[in-house]
Amino acid sequence: MKEYLENVFKKASENLDYLNEINLQFSVPQQKGFGDFSTNAALMLSKKLKKNPREIAREIIDNLPVEKEIIEKIEIAGPGFINFFFTPDFVASIVPEVLNEKELFGKSNAFAGKRAIVEFVSANPTGPLTVGHGRNAVIGDTVARLLEWVGYDVTREYYFNNAGRQMRVLGESLKFRYLQELGEEVEFPEDYYQGGYITEIAKKLVEKHGDGIKNEPAEGIFKQVAEAEIFEDIKKTLARIGIEFDEFFNEHSLYESGKIDEVIQKFKEMNLTYEKDGALWLRLTELGNEADKVIIKSTGEPTYRLPDIAYHTTKFERGYDLIVDLFGSDHAATYPDVLAAVKALGWDVSKVKVLIHQFVTIVQGKEVVKMSTRKANYVTLDALIDEVGADVVRYFFNMRSMTSHLNFDIDLAKKQSDENPVFYLQYAHARISSILRMVAGEGIEAKVDNIKLLTTEAEQNLLKKMWQFKDEIFNAAVNFEPHKVAAYLEELAAAFHKFYTDCRIIGSPKKLAEARMSLALASKHLIKSGLTLLGISAPEKM
RNA sequence: GCGCCAGUAGCUCAACAGGAUAGAGCAACGGCCUUCUAAGCCGUAGGUUAGAGGUUCGAGUCCUCUCUGGCGUACCA
């Protein structure tokens with residue numbers, strides 16, 4: 001429908017020059033009486049042309065070469081909106097299209113041949129993933145799925161750091177627990193990792209080695225084992241919600257490959273560094289940022305900023321057309337520095353899209369739970385999945401815009417898992433599957449010969465909703481807004497449930513039954529596509 | 001102090017580049033199962049979009065100020 005309007009307006013613009021001067025917008029009006037599509041073109045032009053918008057609207061309409069078989073009625077409404085009403089026959093014509101393309105319907109090749117990298121999660125292996133990481137993981141994976149949907153070849157990458165102070169502390173924490181398991185009296189420092197998972201790993205070490213490694217340094221086997229075990233755990237958790245990474249990028253490799261030195265060298269050549277107080281500073285003020293920052297500490301160790309910069313240059317060197325970084329608002333302050341530095345190194349940072357999601361506030365009853373891996377005060381993502389299931393977790397994190405803070409009441413989540421809207425979507429899919437099973441014995445097939453019979457309000461509304469599918473998903477993808485998919489799917493499912501209640505298939509005259517069956521089947525394909533994009537299962541039975 | 005994100009129904013959140021009467025779900029109340037799954041459908045109630053100014057045909061959306069919350073503001077990551 002939208003494509004049709006765009007075409008018609010294009011033809012009209014041959015007569016009306018001014019149509020080329022504005023960005024034409026077609027939208028689906030919220031109010032029913034305002035037609036299937038609406039444009040505010042006349043309103044946008046009125047100031048420019050200094051003319052009454054309703055007169056402009058009239059002129060536009062007179063120049064639109066519309067066909068009667070497709071557009072039933074065009075109205076000028078309110079201050080000058082132009083509202084379009086499509087014919088029921090044309091509305092129904094989407095069914096054969098969907099049935100032809102099935103679950104490929106609505107896919108776009110707008111970005112075919114382009115490569116994208118989405119970096120997300122990127123939690124260091126110091127402990128299990130928390131509910132907070134869950135939001136990042138789910139949004140990141142869904143963004144990746146959406147980019148694939150519009151044609152990108154997508155790499156999912158997890159960046160991690162297994163060096164530095166926190167990992168040293170982790171190794172030492174494990175060694176302490178190990179010694180405790182052996183029965184030795186050691187006082188466990190308060191600022192070490194308190195989580196029970198460390199003790200679990202320690203028990204494994206005792207089983208495997210007895211006291212044979214008690215004199216090994218914490219930096220050695222203890223750190224290695226802790227990291228390996230924790231990483232396995234993280235991967236398992238992610239797999240439970242359908243997330244698999246293509247690459248795990250170790251920060252340390254940047255040192256081995258000489259990338260870090262190379263970057264420092266370039267900065268020095270560009271005279272972007274200076275030494276002060278024994279540290280090496282980067283002249284970020286010269287690049288337009290607020291303050292210069294240390295990139296190498298007086299101890300000789302780099303700050304996180306330096307490897308971050310080097311890491312991003314590798315993303316460019318690997319030839320990606322789109323570089324997506326997703327992280328929580330606590331990291332929001334660091335990326336301007338990284339981007340400025342990468343830009344100074346000559347890369348086109350307009351390829352980088354930084355997505356920042358707000359935090360998940362965990363509430364239990366009325367208490368706010370402050371999450372800290374170090375203090376072992378957190379709710380793991382695993383525990384949440386155990387409690388409510390993978391589909392609910394995926395849906396929950398997908399259904400809200402990432403820019404808003406999210407209050408997560410654990411007690412409520414458990415209580416409401418029965419009422420979660422995800423079941424509403426899945427139920428629609430299961431219902432259609434059920435009809436398909438029932439109908440098999442009745443000799444009713446999904447046939448598109450008589451789709452013109454789909455004229456009731458419920459049928460037409462469902463059909464119109466299906467027309468929006470392609471645009472809605474496309475917009476969600478290019479704007480990096482997974483929650484739009486969820487919102488649209490709820491509308492689609494609602495339209496289907498209404499159709500299901502109002503329009504019987506079994507028991508209707510054969511031609512009508514077949515037409516309705518084709519509509520139901522088409523709905524099934526779209527609901528399944530949507531659920532798959534969100535990473536949620538589409539059950540045949542519930 | 002400064003910077004970023006937010007404040008919308010009792011609760012959790014939507015509202016597509018400013019568009020028409022601000023919408024859903026949950027919670028509340030009232031209806032609908034002898035026919036394809038009632039995890040559904042229909043209806044009622046619920047709002048000065050934190051507050052005050054401004055911009056214009058038109059503001060939840062843009063600008064200014066105030067209030068409230070989250071996150072930053074390191075030679076931590």
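Below, chain A is the first sequence line, B the second, and so on; all start at residue 1. These values consider heavy atoms only, across backbone and side chains, with no hydrogens, waters or symmetry-generated copies.
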A/Tyr311 and A/Phe249 aromatic ring geometry - parallel, tilted or perpendicular at 30°/60° bounds: tilted
Parallel, tilted or perpendicular: rings of A/Phe245 and A/Tyr158 (30°, 60°): perpendicular
B/U44 versus B/U8 - spacing of their P atoms, nearest Å: 26 Å
Distance, C1' atom - from B/G7 to B/U49, rounded to whole angstrom: 10 Å
Minimum side-chain heavy-atom gap A/Ser122-A/Phe327 below 4.5 Å: no
Sugar-phosphate, base or nothing in reach of A/Ala332, heavy atoms under 4.0 Å: nothing
side-chain contact (heavy atoms from CB on, under 4.5 Å) partner of A/Leu326, chosen from A/Lys353, A/Glu119, A/Met402, A/Arg135: A/Met402
Sugar-phosphate, base or nothing in reach of A/Met438, heavy atoms under 4.0 Å: sugar-phosphate
Whole-Å gap separating P (B/C76) and CD (A/Glu251): 14 Å
Nucleotide nearest A/Gln358 (side chain, heavy atoms from C-beta), chosen from B/G70, B/C36, B/C75: B/G70
Pair assignment for RNA chain B - dot-bracket with | for other-strand partners, Watson-Crick or G-U under 3.5 Å: (((((((..((((.....[...)))).(((((.......))))).....(((((..]....))))))))))))....
Distance test, side-chain N/O of A/Tyr424 to OP1/OP2 of B/C41, below 4.0 Å: yes
Integer-rounded Å distance: B/C76 P and A/Met167 CE: 18 Å
Whole-angstrom distance between B/G53 and B/A14, as gauged at atom P: 28 Å
Parallel, tilted or perpendicular: ring planes of A/Phe86 versus A/Phe37, cut at 30 and 60 degrees: perpendicular
Integer angstrom distance from the C1' of B/A50 to that of B/U68: 8 Å
Between C1' of B/G70 and NE2 of A/His357, the distance in whole Å: 13 Å
Min side-chain heavy-atom separation A/Asp502-A/Arg504 under 4.5 Å: no
Torsion-based syn/anti label for B/C11, 90° from 0 as limit: anti
Phosphate OP1/OP2 of B/A74 contacted by A/Arg305 side-chain N/O (<4.0 Å): no
Residue-phosphate contact under 4.0 Å: A/Lys293 side-chain N/O, B/U73 OP1/OP2: no
Criterion side chain to side chain contact (heavy atoms under 4.5 Å, CB included) on A/Tyr193 and A/Thr126, from CA distance to verdict: CA-CA 8 Å; A/Tyr193 288 95; A/Thr126 58; 3.5 Å; yes
P spacing across the pair B/A17 / B/U61, given as an integer number of angstrom: 15 Å
Within-4.5 Å side-chain heavy-atom neighbours: A/Phe9 and A/Ile60: yes
Contact pattern, 5' to 3', of nucleotides 8-21 of chain B - B, S or - by protein heavy atom under 4.0 Å: ----BSSSBB-BBB
Lys/Arg N to Asp/Glu carboxylate O, A/Glu227 vs A/Lys223, below 4.0 Å: no
Contact nearer the 5' end of RNA chain B, comparing A/Ile505 with A/Thr361: A/Ile505
Distance in angstrom units between A/Lys498 NZ and B/A38 P, rounded: 15 Å
Atom P, compared across B/A52 and B/C16: separation rounded to whole Å: 24 Å
Length of the line joining A/Glu290:CD and B/G3:P, which is rounded to integer Å: 8 Å
Side chain of A/Pro421 (C-beta onward), nearest among B/U37, B/G25, B/C75: B/G25
A/Asp325 side chain to A/His312 side chain, donor-acceptor N/O pair below 3.5 angstrom: yes
Flag side-chain contact, heavy atom, 4.5 Å: A/Thr39 against A/Phe84: yes
Closest to side chain of A/Ile506, choosing from B/C76, B/G72, B/C36: B/C36
Cation-pi, A/Phe26 ring and A/Lys2 (6.0 angstrom, 45 degrees): no
A/Glu490 CD - B/C26 C1' separation (whole Å): 12 Å
Rounded distance in Å between the P positions of B/C5 and B/G43: 40 Å
Sugar-phosphate only, base, or nothing, as touched by A/Glu275 at under 4.0 Å among non-hydrogen atoms: nothing
Integer angstrom distance from the P of B/U12 to that of B/G70: 15 Å
Selection from B/A24, B/C76, B/C36 that lies nearest to any side-chain heavy atom of A/Ser434: B/C36
Distance in angstrom units between A/Phe499 CZ and B/C36 C1', rounded: 10 Å
Donor-acceptor pair (no angle test) under 3.5 Å: A/Tyr427 side chain, B/A39 base: no
Euclidean distance, atom CG of residue A/Asp292 to atom C1' of B/A74 [Å, nearest integer]: 14 Å
Sugar-phosphate only, base, or nothing, as touched by A/Phe423 at under 4.0 Å among non-hydrogen atoms: base
Sugar-phosphate, base or nothing in reach of A/Asp277, heavy atoms under 4.0 Å: base
